[in-house]
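Worksheet for the structure shown next.
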Amino acid sequence: MSTKDYLEKDYYAVLGVPKSATAEEIKKAYRKLARQYHPDANPGDSGTSESTAKFKEVSEAYDVLSDAKRRKEYDEARALFGSGLGGYAGAGGGTRAGGFPFDLGDLFGGTAQQPGAGERIGDIFGGLFNRGGATRPGGTTTRARRGQDIESEVTLSFTEAVEGTTVSLRLTSSSSCAACAGTGAKAGTTPRVCPTCEGTGAASRNLGNFAFSEPCRDCKGRGLLVDDPCPVCDGSGRGKSTRTIQARIPAGVGDGQRIKLKGKGAPGENGGPAGDLYVQIHVKPHTVFGRSGENLTITVPVTFTEAALGAEIKVPILKGMPVTLRIPPGTPNGRTFRVRGRGVTRKDGTKGDLLATVEVLVPQQLDDKARGVLEEFRDAVAAGDPRAELIQQARSE
Ligand SMILES: [Zn+2]
Ligand SMILES: [Zn+2]
């Protein structure tokens with residue numbers, strides 16, 4: 001059977017089982033249908049009869065669905081393309097299916113070998129389809145590969161997050177093992193070409209009009225066999241590389257945010273583009289300032305007389321000398337004042353505001369003179385009970 005069969009035939013429907021059927025259910029359904037359509041059960045039928053065709057169909061469906069690995073491949077192929085692929089017959093050109101921008105010719109071992117073009121789809125299939133000679137007997141892939149995306153994290157001070165900063169990040173990514181230069185063979189030995197696949201790394205299973213292949217079982221798709229594995233990487237050929245990069249963190253990032261730095265991931269192979277770097281941001285809280293989106297917040301204590309009489313007070317800002325804020329006479333506790341342009345830097349370079357909330361202080365200790373003046377003040381403003389209305393309202397509800 002060919003790849004085309006995978007895309008055109010609904011094996012589940014053939015066996016009359018749901019996609020979620022267990023192995024046992026599939027087996028049961030197959031046995032029942034096989035008994036029903038088996039040539040022995042239909043004496044008199046010639047080889048071209050309907051029941052014989054049906055028996056073949058059922059057997060084919062069971063072959064695939066009873067093999068967990070092949071069933072998975074089948075499901076994946078169909079999930080990717082959808083069932084009933086209209087433009088499939090045109091494979092080799094720039095056929096697009098399901099909105100996926102790729103080249104079927106590339107995918108099925110055809111002609112187009114544009115570096116990078118079929119990469120994304122190739123990754124999804126993970127070697128399911130023969131990649132048309134991308135693997136050479138030397139075991140090296142000449143195709144340009146995009147570098148890995150890398151995850152990292154950084155803890156910033158409050159000010160760094162508000163103003164933006166440049167940080168050094170130590171990044172670890174996978175690369176070739178340094179001890180064996182990625183061959184997986186112990187130093188001084190060399191891998192040999194796999195005799196099973198003759199170095200192609202691929203084993204053909206069924207050839208219809210299209211090459212349908214899977215990684216060679218003996219060499220696991222590498223095309224090479226290692227008799228004496230490298231002790232450093234256990235023969236995998238893979239290692240870790242660490243490098244330090246300078247990453248620009250834009251102004252205004254917040255705690256818990258994840259930012260993407262394009263092209264700062266692992267370098268590409270064979271001229272492919274670098275991957276991206278994702279940085280998880282942690283921001284340490286500030287003892288004085290808080291954040292509310294693009295605004296900074298601060299609570300400013302004012303005395304009772306400043307609030308009552310009005311005053312010009314000094315308010316600290318995140319960077320630089322304190323600014324003067326004029327509070328009008330009769331300012332209530334909890335009122336918030338806006339100091340323009342002293343907040344968080346926005347994307348366009350402008351800044352949010354500083355929101356200063358006043359907290360009226362009540363004198364904790366009074367000397368005789370202060371108490372005397374306050375008592376005088378009390379008598380001067382003795383204009384009735386401030387809670388009278390509240391009590392009235394509470395009663396009338
Ligand atoms: Zn092989
Ligand atoms: Zn090694």
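For reference, positions follow the sequence shown, starting with 1. Indexing begins at 1, ligand by ligand and atom by atom, following the structure's order.
Residue pairs meeting the salt bridge (Lys or Arg N to Asp or Glu O under 4.0 Å) criterion with at least one partner in residues 287-311, sequence neighbours excluded, are E294-R346.
Atom CG of D368 sits in a sparse spot, with 12 or fewer heavy atoms from other residues, nucleotides or ligands closer than 6.0 Å. Within 6.0 Å of CZ in R238 there are 12 or fewer heavy atoms belonging to other residues, nucleotides or ligands. Annotation for R217: atom CZ does not count as buried by contact number, only 12 or fewer foreign heavy atoms lying within 6.0 Å.
Tally of protein N, O or S atoms closer to the Zn ion (ligand 1) than 2.8 Å: 4.
By the criterion of a separation under 2.8 Å, the protein N/O/S atoms near the Zn ion (ligand 2) amount to C177 SG, C180 SG, C230 SG, C233 SG.
Judged purely by distance below 3.5 Å, without hydrogens or angles, the side chains of T166 and Q246 never pair a donor atom with an acceptor atom. With hydrogens and angles left out, the side-chain atoms of K314 and T324 include a donor and acceptor closer than 3.5 Å.
For R192 and D227, the salt-bridge test passes: some basic side-chain N is under 4.0 Å from an acidic carboxylate O.
Test K69, K72, K220, R70 against E214 for salt bridge (charged side-chain N to carboxylate O under 4.0 Å, His left out) and you get one pass: K69.
Every residue was checked against the salt bridge (Lys or Arg N to Asp or Glu O under 4.0 Å) condition with E57, not counting sequence neighbours, and none meets it.
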